[in-house]
Protein chains: 2
Amino acid sequence: MLRLSKLTDYATVILSFMAKNNERVCAAMELATATGIALPTVSKILKTLVNAKVLISTRGAKGGYLLAAAPDKITVATIISALEGPIAVTECSISQQGCEQAAGCNISGHWNVINRAIYNALESVTLADMIKPQETLIPITSLYRLESQNVSQ
Amino acid sequence: MLRLSKLTDYATVILSFMAKNNERVCAAMELATATGIALPTVSKILKTLVNAKVLISTRGAKGGYLLAAAPDKITVATIISALEGPIAVTECSISQQGCEQAAGCNISGHWNVINRAIYNALESVTLADMIKPQETLIPITSLYRLESQNVSQ
DNA sequence: ATAAATAGGACTAAAATAGTCCCCAATGAA
DNA sequence: TTCATTGGGGACTATTTTAGTCCTATTTAT
């Protein structure tokens, strides 16, 4: 299914909330309450996002978290790679030395083409896009074509 | 990292081998030997691919597996959805009823746009492409841009 | 000082994935 | 017609990954 982890999903929810409250420092506790995600989990995600420089943190009383850039400068690709590491579909695309079966495997170049296409798709959507009303963005026909895929499974 | 499961990776290796030996029936045992993947695992993957109609099987002595279509008609999207189910990045994109937090969540439409872009990328590469020599397909510049992403992790 | 926050990391629990095995069904050949 | 060969289906186990929690240290406003 080419799944994103739950934590990444949570991260987009948290960041969307923050983007709507742009320029305001939010404490972890506030974000947990607002999103309904447990505090320790929110906290873990926020720390990761700080390390990836998506957020800036302030310690101490009245501290909290703030977006490190404007919502239209933060892409989905950035968020995903912050939580999951490099955006690539196979192990061998990440480490340059390839897999054990490197000798018999001539297909890594093709995965790179695929990875690049996926990366471009993720790079083209920003946090600002995500908080826009969605009606402007769904071409109904595309949903139908996606669903017809599901049938084969 | 947006990972594909190992089984899917194996499937591409197995199918690539079969594509190179197109029109020849291959037994599971032969494929296991050729790819270095354990027989029970190969067998499991082959069964899945038969169910998804990517392969056709023949039982009994001299039986085995055959591609159900020409290599240039079998896309990577087909292979991936055979093994992993619908190609979508979030749970909520699959079931139409959305997640528990549906009320507060306005972003599913945006995931659909992303899913579609990814699906198109995967649909545009076929098994025939994958067995071509890879030199013809890697634009070096794209690799550099992909690597610069990895740094942030 | 003290209370309110984040930082870092260890740890546990739960879930998904990978891998194996067994018994059945089909088929071709001796 | 019997037997070796090959796939079909599914249960089961082990492993790995992911999710989630918790503890202690550090920072800072009041």
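Residue numbering restarts at 1 for every chain, and letters A, B, ... go by the order of the sequence lines.
- Counting all heavy atoms, side chain and backbone alike, B:Ser16 lies closest to B:Leu127 at N-CD1, 4.1 Å.
- Among the atoms of the strands shown, none is found under 4.0 Å from any heavy atom of A:Ser43.
- Checking C:dA7, D:dT21, D:dG8 against the side-chain heavy atoms of A:Pro40 singles out D:dT21 as nearest.
- Residue A:Leu49 holds its CG atom at 7.5 Å from CD1 of A:Ile14, rounded to the nearest 0.5 Å.
- Put simply, B:Thr58 has no side-chain N or O that comes within less than 4.0 Å of OP1 or OP2 on C:dA26.
- Nearest-nucleotide positions on DNA chain D place A:Thr8 closer to the 5' end than the other of A:Thr8 and A:Lys47.
- The 5' end of DNA chain D is approached more closely, in terms of each residue's nearest nucleotide, by A:Lys6 than by the other of A:Lys6 and A:Ala61.
- The nearest whole Å value for the distance from the NZ atom in B:Lys53 to the P atom in D:dG8 is 13 Å.
- OP1 or OP2 of C:dA7 sits under 4.0 Å from a side-chain N or O of A:Ser57.
- For B:Ile45 and C:dG19, the CD1 to C1' distance is 10 Å, given to the nearest whole Å.
- Taking atom CD1 on B:Ile14 and atom P on C:dG19, their separation rounds to 11 Å, with Å as the unit.
- The side chain of B:Thr41 lies closest to C:dG19, out of C:dT27, C:dG19, C:dA18.
- When each of A:Thr78, A:Ile131, A:Val54 is paired with A:Leu15, the side-chain contact (heavy atoms from CB on, under 4.5 Å) condition holds for A:Val54 and for no other.
- Atoms OH and NZ, from B:Tyr10 and B:Lys44 in turn, are 11.0 Å apart once rounded to the nearest 0.5 Å.
- Among the nucleotides D:dG7, D:dT18, C:dA18, the one closest to any side-chain atom of B:Arg3 is D:dT18.
- Close to D:dG20, at under 4.0 Å from its OP1 or OP2, lies a side-chain N or O of A:Tyr10.
- For A:Asn51 and C:dA7, the shortest distance from a side-chain N or O to OP1 or OP2 is not below 4.0 Å.
- If you check C:dT6, C:dA18, D:dG20 against the side chain of B:Leu7, the one that comes closest is C:dA18.
- Separating the NZ atom of A:Lys62 from the P atom of D:dT28 is a distance of 16 Å, rounded to the nearest angstrom.
- Rounding to whole angstrom units, CE of residue B:Met29 and C1' of D:dA4 are separated by 15 Å.
- With A:Glu123 contributing its side chain and A:Thr75 its backbone, the two residues share no donor-acceptor pair below 3.5 Å.
- Nearest to the side-chain atoms of A:Ala27 among the listed nucleotides C:dT27, D:dT21, C:dT6 stands C:dT6.
- The overall bend of the helix from C:dA1-D:dT30 to C:dA30-D:dT1, read as the angle between its terminal helix axes built from five base pairs each, is 10° when rounded to 10 degrees.
- What separates CG of B:Leu39 from C1' of C:dC21 is a distance of 11 Å, to the nearest Å.
- Separating the CZ atom of A:Arg59 from the P atom of C:dT6 is a distance of 10 Å, rounded to the nearest angstrom.
- Classification of A:Asp9 and A:Lys6 as a salt-bridged pair fails, no side-chain N sitting under 4.0 Å from a carboxylate O.
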* **Verdict with reasoning, A:Trp111 to B:Val125, per side-chain contact (heavy atoms from CB on, under 4.5 Å)** => CA-CA 9 Å; A:Trp111 285 125; B:Val125 180; over 6 Å; no

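- A pairwise comparison of heavy atoms in A:Ala117 and B:Ala121 identifies CB-CB, 3.3 Å as the closest pair.
- Note: NZ (A:Lys44) to C1' (C:dA10) measures 11 Å, nearest angstrom.
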